[in-house]
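Let me begin by presenting the structure, written as structure tokens, before commenting on it.
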Amino acid sequence: MDSRPPVLEAKRVRLRPFRAGDRDNLFELFSDPSVARYWSSPAWTERAQADMWLAGALDFSNPTMLQWVTADRETDELLGTVTLFGLRADQKRAEIGYSLHPDHWGRGIAREAVSRVLEFGFDDLGLRRFEADVDPRNDASIGLLTRLGFQREGMLRERWVVGGEVCDTAFFGLLARDLRR
Ligand SMILES: CC(C)(COP(=O)(O)OP(=O)(O)OC[C@H]1O[C@@H](n2cnc3c(N)ncnc32)[C@H](O)[C@@H]1OP(=O)(O)O)[C@@H](O)C(=O)NCCC(=O)NCCS
């Protein structure tokens, strides 16, 4: 099965599939300690880590994952990422993850990108529910989720060990009727 993500246009950004040429911008994104601070793995130190991500993102045979580049609509350059994973068509739900290069934080770019993917999930994939697993200290991510209408559904204690640090999870969920477009 080809689960290549479709191109989705938004006002300032385009969500598009990854391509090999994204390698350098991808490395720059995830080697930034402020991006990795509350990510599920420490900041990248080797370009081979970008190659590994790209190999996964260019494998369009996994029906449980859809990975987009958040690209500048004019230059088509990678600014960030939006990923649906744990996608269960039978249960009509998916988890969502996202990142954005710090040069673009605080301008509503992530909100634009994530809400376009949510719209695609609800309208085109027929999903009923999205889930997000967030470090409870990640104010920017929690601000974004709350702005979009996600509800905090629970706290999972000591769920992750990242770079030797034990971290809790704040678990968020969004149903179509919660959505703020
Ligand atoms: C989370 C992230 C994508 C947000 O990107 P962003 O482009 O700055 O977010 P936006 O500008 O679209 O903000 C959306 C909403 O979030 C809120 N928000 C953003 N940054 C915030 C912050 N630092 N503190 C509190 N709320 C914040 C705002 O309320 C904003 O709503 P508004 O548009 O009504 O003002 C970005 O900070 C990032 O890449 N972080 C590192 C990776 C990461 O942690 N990903 C999430 C893992 S769960």
Side-chain angles (χ1 to χ4, degrees), residues 5 8-16 18 22 24-45 49-50 52-53 56-57 65-75 77-87 93-121 129-163 165-174 178-181:
L8 305 171
E9 301 286 352
K11 205 162 129 231
R12 289 168 295 175
V13 295
R14 166 180 304 119
L15 285 302
R16 62 157 174 81
F18 274 85
D22 293 319
D24 289 346
N25 287 340
L26 186 65
F27 179 72
E28 201 191 313
L29 176 68
F30 286 112
S31 59
D32 189 309
S34 57
V35 172
R37 177 65 188 96
Y38 300 119
W39 200 252
S40 48
S41 55
W44 290 354
T45 53
Q49 292 172 282
M52 275 177 59
W53 174 298
M65 186 175 279
L66 289 172
Q67 290 191 286
W68 285 270
V69 166
T70 299
D72 182 300
R73 234 186 129 164
E74 295 195 345
T75 64
E77 293 252 309
L78 180 150
L79 309 178
T81 63
V82 182
T83 302
L84 292 185
F85 57 104
L87 179 57
R93 67 170 147 83
E95 287 195 54
I96 190 160
Y98 38 80
S99 67
L100 190 71
H101 192 280
D103 285 355
H104 307 283
W105 285 1
R107 294 169 45 214
I109 298 281
R111 174 162 44 86
E112 215 179 276
V114 172
S115 64
R116 185 66 190 86
V117 168
L118 295 174
E119 185 184 303
F120 169 73
R129 174 182 163 79
F130 286 92
E131 298 172 351
D133 168 334
V134 190
D135 189 303
R137 299 166 295 179
N138 192 346
D139 293 337
S141 184
I142 290 174
L144 171 61
L145 292 170
T146 306
R147 176 70 160 81
L148 291 168
F150 275 78
Q151 299 201 11
R152 191 173 179 137
E153 297 179 335
M155 176 75 108
L156 286 67
R157 295 172 303 155
E158 300 192 7
R159 186 153 193 257
W160 295 96
V161 185
V162 184
E165 185 187 18
V166 177
C167 304
D168 296 335
T169 281
F171 205 71
F172 283 77
L174 178 81
D178 303 327
L179 191 63
R180 295 192 203 141
R181 295 216 170 161

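For ligands, and for the atoms within them, numbers begin at 1 and follow the listed sequence. Reckoned from all heavy atoms, side chains included, excluding hydrogens, waters and symmetry mates.
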Are there any N/O pairs under 3.5 Å between ligand 1 and the protein, and if so, what are their distances?
residue: ligand 1; atom: 7 (O); partner: Ala110; partner atom: N; Å: 3.3
residue: ligand 1; atom: 8 (O); partner: Gly106; partner atom: N; Å: 2.7
residue: ligand 1; atom: 11 (O); partner: Arg107; partner atom: N; Å: 3.3
residue: ligand 1; atom: 11 (O); partner: Gly108; partner atom: N; Å: 2.7
residue: ligand 1; atom: 12 (O); partner: Ala110; partner atom: N; Å: 3.4
residue: ligand 1; atom: 12 (O); partner: Arg111; partner atom: N; Å: 2.9
residue: ligand 1; atom: 16 (O); partner: Leu144; partner atom: N; Å: 3.1
residue: ligand 1; atom: 33 (O); partner: Arg111; partner atom: NE; Å: 3.1
residue: ligand 1; atom: 33 (O); partner: Arg111; partner atom: NH2; Å: 3.0
residue: ligand 1; atom: 34 (O); partner: Arg147; partner atom: NE; Å: 2.4
residue: ligand 1; atom: 39 (O); partner: Leu100; partner atom: N; Å: 2.8
residue: ligand 1; atom: 39 (O); partner: Leu100; partner atom: O; Å: 3.2
residue: ligand 1; atom: 39 (O); partner: Trp105; partner atom: NE1; Å: 3.3
residue: ligand 1; atom: 44 (O); partner: Asn138; partner atom: ND2; Å: 2.8
residue: ligand 1; atom: 45 (N); partner: Tyr98; partner atom: O; Å: 2.8

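At a cut-off of 3.5 Å, with distance as the only test, a side-chain donor of Tyr98 or Ser141 sits close to an acceptor on the other residue. Counting only N and O atoms by type, the side chains of Trp160 and Ser40 include no donor and acceptor under 3.5 Å apart.
Salt bridge present: Arg14 and Glu9 bring a charged side-chain N and a carboxylate O closer than 4.0 Å.
When atom types are taken as modelled, the side chain of Glu112 and the backbone of Lys11 share a donor-acceptor pair closer than 3.5 angstrom.
Ring planes of Trp44 and Phe30: tilted class, angle from 30 to 60°.
Listed by first and then second residue, the salt bridge (Lys or Arg N to Asp or Glu O under 4.0 Å) pairs that reach into residues 131-142 are Arg129-Glu131, Asp133-Arg159, Asp135-Arg137, Arg137-Glu165, sequence neighbours excluded.
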